[in-house]
Structure formats: structure tokens, C-alpha cells
Amino acid sequence: MGRFKPFTLNIKGSLLTFERPAVMGIVNVTPDSFFEGSRTPDADSITRRIESMVEDDVDIIDIGAYSSRPGAVDISPEEELDRLGRGIEIVRHIAPAIPVSIDTFRSSVAREAIEMGADIVNDISGGDLDPDMFETIGSLHVPYIVMHMRGNPSTMQSMTDYGDRGVTATVLDDLGDKINRLALAGVCDIIADPGFGFAKTLEQNYELMNNLEVFDKLECPILVGISRKSMLTRLLDISSSQALAATTALNSFALDRGASILRVHDVKEAVQAVKIYSALNQGRYQ
């Protein structure tokens with residue numbers, strides 16, 4: 001069993017303390033994200049989704065404008081920023097106090113999105129797709145989510161050979177190396193994401209989840225993003241639209257293994273899972 005450790009994030013000079021695992025709600029300002037129910041391509045749908053998340057007690061809102069599913073259409077930095085800007089503006093109007101994360105692997109987009117009002121950068125490539133990302137984050141003094149992935153969304157599933165060391169040890173070492181590099185670049189608030197579904201086979205995803213507590217060695221909050229992903233739908237032979245119950249079950253397991261942040265499409269159910277886990281572990285934290 002893992003143990004949740006309270007953590008803090010410096011959000012533009014204000015120290016935000018998390019005494020229980022946080023729920024990060026996904027807002028996909030895209031027409032082609034893998035889960036159709038999460039797509040919010042216009043202002044009205046963005047508004048409805050954010051209002052619902054706020055009502056369900058979301059802790060962090062993560063806005064993505066570039067779909068990372070295999071086969072997704074490539075878009076320019078300008079279009080990505082236009083979409084992100086629309087999402088950031090609406091979040092700031094509805095929920096000015098909730099931290100906003102932006103999901104991008106481009107350092108130029110990250111910089112401009114922070115200037116637009118975002119607070120956190122969530123990079124699926126962990127800096128691999130833009131060599132300027134770590135230096136940019138260091139200069140911006142914002143929290144950074146470093147995720148493990150190999151290749152890019154189009155090539156990642158051909159890069160699942162982790163050799164004799166196996167997926168857990170390799171991912172742990174890769175994230176550890178990047179955390180050291182980030183610290184040297186002046187990044188103080190780092191969140192690690194093992195990258196479920198990114199350059200991992202079905203079996204490797206479950207090995208990582210079963211070994212999640214070893215990532216405590218990184219000494220930083222651990223984000224788990226498994227919401228409605230293929231590691232659930234392929235195992236159970238269901239569609240992403242049918243995967244809410246499975247997502248909640250696996251999120252509960254992740255909490256038991258020490259997850260700090262759950263990144264989800266369905267905020268209400270994740271918040272309920274956190275409350276139940278907290279009630280079961282009142283001796284550790286409220």
C-alpha cells in the first residue's frame with residue numbers, strides 16, 4: 001500500500017497545499033480527442049464542462065488543445081494557442097481561483113499560455129519533443145508535469161521494448177534523470193507522470209500500476225492519468241464511453257498505491273473515490 005504525502009505547488013507566488021490527493025479535470029478544446037465525450041470545441045461546450053467540474057469540486061483544470069491520440073491531425077502552434085486561449089479565458093471567468101494546467105509539448109506555446117493566465121505546464125513528451133522546454137519552464141517559475149513517453153504519438157507504440165530491465169525500472173530511471181535536469185534548469189515544482197498508455201503495452205501498463213509505489217523514490221507528487229484509456233477498454237473489450245466504472249476502480253487502486261493527482265474526464269466520480277480513500281485512511285490525513 002502506498003502512502004499519500006501532502007504536497008505544495010507554488011502558483012504564481014501563492015503556496016497551494018494539498019492535504020489529500022488532487023483531482024485534475026480534463027478539458028479538451030479539440031474536435032478529435034480519443035474520448036468523444038470530452039471534446040469541447042466551442043465556447044458553450046467549454047463553459048458547460050467547466051461549470052460542471054467546478055460544481056463537482058475539481059482541484060485543477062487541465063486544458064488540452066492538441067490531441068495526442070495516434071493518427072490525430074497535426075495543428076500549428078498558432079491554432080493550438082488560439083484554442084488554449086479560448087479555454088483559459090473561460091476558466092478564468094468562471095473559476096478564477098482554480099489552478100489551470102495547459103497540456104502542451106511546445107515551449108513557445110507554454111510561455112504564451114502562462115502569459116494568458118495558465119499556471120502549470122503539462123508536457124506529455126517530458127521535454128523530448130522540444131529541447132527548449134526545460135529552460136523555458138525554469139524561466140517561467142511554474143510547476144511542470146514531466147511525463148514519460150518514447151517517440152511521439154504516431155510512433156510511440158512501436159517503442160515498447162524495455163529490454164532486460166523492464167518497464168518499471170526504465171521509466172523510474174528516465175523520470176529521475178529528467179527531474180535532475182529540471183532542477184538544474186531552476187524548476188522547483190515538479191510532478192511526475194509514468195505515462196500510462198504512452199509507449200507501453202497493455203501488460204506494461206498494468207505492471208507500472210502494480211509497482212506505482214516505487215515512484216515514491218522520485219520524491220515528488222505522482223500524477224496518474226488512466227481515464228477511459230485503452231488499458232481499460234482493451235482488457236474489458238468495451239468502448240471508452242463504457243469505461244467510467246473501470247476508470248473509477250483503477251483510480252481507487254492508484255490511490256492505494258500512493259497517487260497524488262488523478263487526471264480524469266469524470267470529476268465527480270474521482271472526487272468520490274478520493275473522499276472514500278481519505279475516510280479509510282483518517283489516521284494518515286483528513
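Throughout, residue positions are numbered sequentially from 1 according to the sequence presented.
Annotation: side chain of K229 is in contact with side chain of F198 (closest heavy-atom distance under 4.5 Å). No side-chain heavy atom of P21 sits under 4.5 Å from any side-chain heavy atom of I261. Contact of the L218 side chain with the I179 side chain is registered, since non-hydrogen atoms from C-beta on lie closer than 4.5 Å. Side-chain contact between V224 and D193 is absent, with no heavy atoms from C-beta onward closer than 4.5 Å. Annotation: side chain of D57 is in contact with side chain of K275 (closest heavy-atom distance under 4.5 Å). Contact annotation: the side chain of Q204 approaches that of T160 to within less than 4.5 Å [non-hydrogen atoms, C-beta and beyond].
Of all heavy-atom pairs between L208 and P194, the closest is CD1-O, 4.1 Å. The minimum heavy-atom distance linking G138 with V187 is given by the pair N-CG2, 3.6 Å. The shortest non-hydrogen separation linking L175 to M147 is CD2-C, 4.2 Å. A254 and L262 make their closest contact through CB-CD2, 4.4 Å (heavy atoms, listed as atom of the first residue, atom of the second, distance). Taking each heavy atom of M156 and M149 in turn, the nearest pair found is SD-SD, 4.0 Å. Annotation for I50 and G87: closest pair CD1-O, 4.3 Å, computed over non-hydrogen atoms.
Residues forming a side-chain hydrogen bond (donor to acceptor under 3.5 Å, both in side chains) with R165 (at least two apart in sequence, or on another chain): D173.
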| query | What do the steps show when you test Y66 against F105 for ring-ring contact (aromatic ring centres under 6.0 Å, His included), and what is the final call? | reply | CA-CA 9 Å; Y66 188 115; F105 58 82; 5.1 Å; yes
| task | Evaluate side-chain contact (heavy atoms from CB on, under 4.5 Å) for M24 paired with V264, printing each intermediate quantity in order. | result | CA-CA 6 Å; M24 173 185 281; V264 298; over 6 Å; no
| field | side-chain contact (heavy atoms from CB on, under 4.5 Å) between V29 and L84, worked out | value | CA-CA 7 Å; V29 191; L84 285 172; 5.9 Å; no
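Salt bridge status for R49 with D44: absent, with no side-chain N to carboxylate O gap under 4.0 Å. Using a 4.0 Å cut-off between charged side-chain N and carboxylate O, R83 and E79 make a salt bridge. Ionic pairing of K178 and D174 is not present here: no N-O contact between side-chain nitrogen and carboxylate oxygen is shorter than 4.0 angstrom. Salt bridge present: R228 and D266 bring a charged side-chain N and a carboxylate O closer than 4.0 Å.
In the hydrophobic clustering of ILVMFWY residues, with side-chain heavy atoms under 4.5 Å counting as a link, M159 and V167 come out apart. By the rule that hydrophobic residues join a cluster once side-chain heavy atoms approach within less than 4.5 Å of another member, F253 and L244 end up as members of separate clusters.
Identified under the side chain to side chain donor-acceptor pair (under 3.5 Å) test for residues 4-15, with sequence neighbours left out: K5-D216. Listed by first and then second residue, the ring-ring contact (aromatic ring centres under 6.0 Å, His included) pairs that reach into residues 137-172 are F134-Y144, sequence neighbours excluded.
Donor-acceptor pairing under 3.5 Å is recorded for the side chains of T168 and N211. No side-chain N or O of S52 forms a donor-acceptor pair with one of E55 less than 3.5 Å apart. A donor-acceptor pair shorter than 3.5 Å cannot be found between the side chains of E269 and T247.
To the nearest 0.5 Å, atom CZ of residue R111 and atom CE of residue M133 are 10.5 Å apart. The distance from atom CG of L250 to atom CG of L235, rounded to the nearest 0.5 Å, is 9.5 Å. Here the CG atom belonging to D62 is positioned 8.5 Å from the CD1 atom belonging to I120, to the nearest 0.5 angstrom. Rounded to the nearest 0.5 angstrom, K268 NZ and M53 CE are separated by 13.0 Å. Remark: S101 OG to D119 CG distance equals 9.0 Å, nearest 0.5 Å. With rounding to the nearest 0.5 angstrom, the CD1 atom of I191 is 12.5 Å from the CG atom of D123.
For E207, the CD atom sits in a packed shell: over 12 heavy atoms of surrounding residues, nucleotides or ligands are nearer than 6.0 Å. More than 12 heavy atoms of other residues, nucleotides or ligands shown are found within 6.0 angstrom of CD on Q242. At most 12 heavy atoms of other shown residues, nucleotides or ligands fall within 6.0 angstrom of atom CG in D161.
Looking only at distances, a side-chain donor or acceptor of N205 sits under 3.5 Å from a matching main-chain atom of T201.
When each of I90, I98, V91 is checked for a side chain to side chain contact (heavy atoms under 4.5 Å, CB included) with I94, only I90 meets the rule. Screening I26, I145, I60 for a side chain to side chain contact (heavy atoms under 4.5 Å, CB included) with R263, the sole residue that qualifies is I26.
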